[in-house]
Undergrad: 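Take this structure first; my questions come after.
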Amino acid sequence: MERSIRSDPNIHKFSIHPFKRFNKRSVEYKQPVEITSFSYDENHQLHMDDRELRYYYPPNLKDCNLSAGYENFIQKIVEGPEPIHSLLDALIHLRKTRAETENVIKADIISWRGIFTKMLCTPYNRNEPWEFGATLYNNTIFIEEHETEYTRRNREGDTPKAKLMGYWGYKFEALSTIGVPATEIQSSDDPELLARKNTVVNTNIQYCSVSKTTLGKNRLIMGAEVDCLIDVKPPYPENPVNKYIELKTSKIPRNDRDTFVFERYKLIKFWAQSFLIGIPKIIVGFRDDDGNLCSLKEIKTLEIPRMVRGKDKMWDAVICLNFLNEFFEWLREVIKIEDANSSYVISFKEPFQEIEVSFCHNKNPVLADRHLKPFGKV
Ligand code: A3P
Ligand code: MG
Ligand code: MG
């Protein structure tokens, strides 16, 4: 008997194919402007200030084992993806404290930068499933990440070695930053520099920048954890995003295969993460297999697309941006039900061909009750 395959009208699908349709003149992405910032302290308590902002100071490569202090590592109290709540609290705080900011917290899509990064890399993603939840409220789509089996395994590390390697990235940040501007450092034995070696790595601590921008006609607000500032003395610049630095660790490439993996899988994420909030420079700490930091390389974010352009089996930043723009346009068409108690599930999974969107009545609302009035119609 022939069975008819009828597609479910409640499930919407956006195919990443044909790829060709994104290969055209790039959509405009405006320079992001920071609208506010906030911090989480060592207990993951939220503060509407920049108390956890750090400054870049090159690490001492002569004494740089990234495994040091692993036994004292303090991991974030809240497990799983960060809800969007603190970002929304920061936006509400901004509007309360700055009278002229009535409209600044309006956008078409509000989310964490990490979510936008995953979306932006989707055309070239063939093995990392993601799932997000979205609530439409007062013409804004609020998006947060859902914990899945895949993200849980990835976050915790499958093996003791993977867990240790997860620590290396944070340790590199601890060894490369100080609490005062670099201009205040007088000598190489300055206590600020010496203290870094013994810093207990605590991932509860974060400094977050919130910026606003537009991709084509899509107005976006995103919150992002930022590693540090460079070449800045207080008072801070009006729009500090072009003084922020992203710190990254990576394995030293030893052969063509390593270089290919670095350019194909790592550089796309480095670029997407920093480009989205306008961070101009990434400092990569190259390490060996035992976690010894061996060299540093500065990479300009805007130069990354050119570094990989035309190479076999690589990626193209223009395709990523055009894809994201058209995906957002489509998302704003299909996410129509405005219900603060419900959410849509947006997912990308095996066989990594299309993004699926479905409505979940009375499930996993993204906004908390306290956000409804401030983000509601005035
Ligand atoms: P690396 O990116 O150098 O590996 P970020 O660089 O985005 O600020 O993140 C800091 C560090 O957090 C990362 O350093 C890595 O160690 C860890 N980290 C971030 N996201 C992760 C993830 N999805 N899985 C495992 N570790 C992660
Ligand atoms: Mg970071
Ligand atoms: Mg970093």
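In each ligand, atom 1 is the first atom listed, and ligand 1 is the first ligand listed. As the structure is a computational prediction, the values presented were derived from the model and not from experiment. One-based numbering along the sequence shown.
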Undergrad: Among all protein heavy atoms, pick out the one at the shortest distance from atom 4 (O) of ligand 1; state its residue, atom name and that distance to 0.1 Å.
TA: Thr249 OG1, 3.4 Å
Undergrad: Any protein heavy atom sitting closer than 4.0 Å to atom 11 (C) of ligand 1?
TA: yes
Undergrad: How open is the angle at the Mg ion (ligand 3) from atom OE2 of Glu173 over to atom OD2 of Asp227, rounded to 10 degrees?
TA: 80°
Undergrad: Please state which protein non-hydrogen atom is closest to atom 15 (C) of ligand 1 and give its distance, to 0.1 Å?
TA: Gly166 O, 3.9 Å
Undergrad: For atom 19 (C) of ligand 1, which protein heavy atom lies nearest, and how many Å away is it?
TA: Tyr170 OH, 4.2 Å
Undergrad: Hey, would you say the Phe348 and Phe327 ring centroids sit under 6.0 Å apart?
TA: no
Undergrad: Measure from the Mg ion (ligand 2) to each N, O or S atom of Glu246 and report whether any distance is below 2.8 Å.
TA: no
Undergrad: Looking at atom 27 (C) of ligand 1, is any protein heavy atom nearer than 4.0 Å to it?
TA: no
Undergrad: Among Ile337, Ile143, Leu331, which one satisfies side-chain contact (heavy atoms from CB on, under 4.5 Å) with Tyr344?
TA: Ile337
Undergrad: Is the number of heavy atoms from other residues, nucleotides or ligands within 6.0 Å of NZ (Lys311) greater than 12?
TA: yes
Undergrad: Just jot down the ligand 1 atoms closer than 4.0 angstrom to any heavy atom of Glu246, in number order.
TA: 5 (P), 6 (O), 8 (O)
Undergrad: Less than 3.5 Å between some nitrogen or oxygen of Glu225 and one of ligand 1, yes or no?
TA: yes
Undergrad: Using a 4.0 Å cutoff against the non-hydrogen atoms of Lys248, which atoms of ligand 1 qualify?
TA: 2 (O), 3 (O), 5 (P), 6 (O), 7 (O)
Undergrad: Give me the ring orientation class for Trp271 and Trp315: parallel if the planes are under 30° apart, tilted from 30 to 60°, perpendicular past 60°.
TA: tilted
Undergrad: Main chain of Leu276, side chain of Tyr29: is a donor-acceptor contact present, judged purely on distance under 3.5 Å?
TA: yes
Undergrad: Near Leu247, which atoms of ligand 1 are under 4.0 Å from a heavy atom of that residue?
TA: 6 (O)
Undergrad: Are Arg155 and Glu145 close enough for a salt bridge, meaning some N to O gap below 4.0 Å?
TA: no
Undergrad: Polar-atom distance check: Gln273 versus ligand 1, any N or O pair below 3.5 Å?
TA: yes
Undergrad: Show which atoms of ligand 1 fall inside a sub-4.0 Å distance from at least one heavy-atom site of Glu173.
TA: 5 (P), 6 (O), 8 (O), 9 (O), 10 (C)
Undergrad: Do Phe19 and Tyr124 have their ring centres less than 6.0 Å from each other?
TA: yes
Undergrad: For atom 2 (O) of ligand 1, decide whether some protein heavy-atom distance is shorter than 4.0 Å.
TA: yes
Undergrad: Strictly under 2.8 Å, is any N, O or S atom of Lys248 next to the Mg ion (ligand 3)?
TA: no
Undergrad: Taking atom CG of Asn43 as the centre, does the number of heavy atoms from other residues, nucleotides or ligands within less than 6.0 Å exceed 12?
TA: yes
Undergrad: For Phe14 and Trp330, take the angle between the two ring planes, folded into 0 to 90°, and tell me which bin it lands in: parallel under 30, tilted 30 to 60, perpendicular over 60.
TA: tilted
Undergrad: Which ligand 1 atoms are under 4.0 Å away from a heavy-atom of Asp227?
TA: 8 (O)
Undergrad: Within 45° of the six-membered ring axis of Tyr167 and under 6.0 Å from that ring's centre, is NZ or CZ of Arg287 located there?
TA: no
Undergrad: For the pair Lys24 and Glu326, find out whether any cationic side-chain nitrogen is under 4.0 Å from an anionic carboxylate oxygen.
TA: yes
Undergrad: Taking 4.0 angstrom as the limit, do Arg54 and Glu173 come out as a salt bridge?
TA: no
Undergrad: Considering only protein heavy atoms, which is closest to atom 14 (O) of ligand 1, and at what distance to one decimal place?
TA: Gly169 CA, 3.2 Å
Undergrad: How is the N/O/S atom of Glu225 that comes nearest to the Mg ion (ligand 2) named?
TA: OE1
Undergrad: Starting from atom 23 (N) of ligand 1, find the nearest protein heavy-atom neighbour and note its residue, name and distance.
TA: Asn154 ND2, 4.2 Å
